K.L.:
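Below you will find the structure I want to go over with you.
None of these values were measured; they are calculated from a predicted model. Along the sequence shown, residues carry numbers from 1.
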Amino acid sequence: MTIAFTFPGQGSQAVGMGKDLAENFAEARVVFQEVDEALGEKLSDVMFNGPEDRLTLTANAQPALMAVSIAVVRVLEAKGLDLKSKVAYVAGHSLGEYSALCAAGTFSLTDTARLLRIRGNAMQAAVPAGAGAMAAIIGLEHADVVAVCEAAAAVGACQIANDNGGGQIVISGEKAAVEKAAALATDKGAKRAILLPVSAPFHSTLMAPAADAMREALATVSKSDPIVPLIANVRAAPVTAADEIASLLVEQVTGQVRWRETVEWFARNGVTTLYELGSGKVLTGLARRIDKTINGISVNGPADIDAAIAGLHGLIGIPGHRIWCL
């Protein structure tokens, strides 16, 4: 069997995330301490105790979600997982792509935390408050959503931001254009078109200033080729060269997160199990809706760790453990 590790994006944050990991595993505490030191503040306290409105700030949510994901990875590694030899691919949803790359050794944990703080601040500052919007279109085919975005472009920028699969596509752009596209989608037969309570129009051309900021930031950090291929958001195909990955991360800021195509790529290329490492179960649910032949498993707390290790023993044979073949 072939497995891939996936890493969640913004929206999966919740007050208390990572706290039980820190209470149970020294490896997790080390991760949270390093992220705190990288950012020069106790982000872990906000993660564990809130308040929620501070945690959900883009500049906090992004490094916080990454920290929980890497804490899970480090605990699994301490229990015997060798990612390079046992995991075929990594992928992450939007900011989760940075978590995936940290896990695969492209960026250090300190650099990843700092990059995500820069990314969060730059994305928030790129567009004046209220000028942009995002909406979830439910139950409409991809081509139809493309068509309504093109029609709405007459009044402003509008494009697909996330193709999440399972009949859920998120659009992003100027507020008037997104509202028009949502209305057109309803007319075209969408089950629902819901304006989202977000602070900026992520993954749209309006994020160009943030893309410029990330290009500059990524040029200053040390990068290594990932120890396993990354399935890149904007390409939905494997990438293994660090410099190319950095270019795609810049493109990702204004480009589409092609998550449906990513899961479909996994299914076509022999991946049987997706482990979602970090806060929440969003990607696990999406995987089930996209392709029912793939087994999705979320890992975000101590009980999940134990279950994952037991499953990984049977699936991939971590050294030192007997494998039963039935």
K.L.:
Using a 3.5 Å distance criterion without hydrogens, assess whether the side chain of S69 forms a donor-acceptor pair with backbone atoms of L277.
P.N.:
yes
K.L.:
Give, for atom CG of L21 and atom CZ of F32, the distance between the pair rounded to the nearest 0.5 Å.
P.N.:
5.5 Å
K.L.:
Counting distance only, does the side-chain N/O of R258 pair as donor-acceptor with the main-chain N or O of N233 below 3.5 Å?
P.N.:
no
K.L.:
Kindly compute the distance separating CG (L101) from CE (M66), expressed to the nearest 0.5 Å.
P.N.:
11.5 Å
K.L.:
Nearest 0.5 Å, please: how far is CD1 in I297 from CZ in F5?
P.N.:
10.0 Å
K.L.:
Determine, stepwise, if the pair K188 / V148 fulfils side chain to side chain contact (heavy atoms under 4.5 Å, CB included).
P.N.:
CA-CA 8 Å; K188 211 169 184 67; V148 301; 3.7 Å; yes
K.L.:
So, for L95 and Q10, which heavy atoms are closest and what is the spacing to 0.1 Å?
P.N.:
CD2-N, 3.4 Å
K.L.:
Would you call R117 and E41 a salt bridge, taking side-chain N to carboxylate O under 4.0 Å as the test?
P.N.:
yes
K.L.:
Hey, is the main chain of C102 close enough, under 3.5 Å, to the side chain of T106 for a donor-acceptor pair?
P.N.:
no
K.L.:
Decide side chain to side chain donor-acceptor pair (under 3.5 Å) for H93 and N164; before the verdict, give the C-alpha distance in whole Å, the side-chain angles of both, and the deciding distance to 0.1 Å.
P.N.:
CA-CA 9 Å; H93 193 286; N164 288 330; 2.8 Å; yes
K.L.:
Looking at residues at least two apart in the chain, or sitting in another chain, which of them share a side chain to side chain donor-acceptor pair (under 3.5 Å) with D212?
P.N.:
R215
K.L.:
Given side chains that start at C-beta, do those of E34 and T110 come closer than 4.5 Å, heavy atoms only?
P.N.:
yes
K.L.:
Looking at A200 and M134, what are the two nearest heavy atoms and their distance?
P.N.:
O-SD, 3.6 Å
K.L.:
Is there a donor-acceptor contact under 3.5 Å from the side chain of T272 to the main chain of T2?
P.N.:
yes
K.L.:
Considering non-hydrogen atoms only, spot the tightest contact between I137 and A193 and give its length.
P.N.:
CD1-CB, 3.8 Å
K.L.:
In Å, rounded to the nearest 0.5 Å, how long is the span from OG of S44 to CD of Q33?
P.N.:
9.0 Å
K.L.:
Compare every heavy atom of T254 with every heavy atom of M207, then report the nearest pair and how far apart it is.
P.N.:
C-CG2, 3.7 Å
K.L.:
Ignoring hydrogens, what is the shortest heavy-atom contact between K180 and A151? Give both atom names and the distance.
P.N.:
CE-O, 4.2 Å
K.L.:
If I compare all heavy atoms of I118 with all of A217, which pair ends up nearest, and what's the gap?
P.N.:
CD1-CB, 3.9 Å
K.L.:
Roughly how far, to the nearest 0.5 Å, is the CG atom of L76 from the CG atom of L81?
P.N.:
6.0 Å
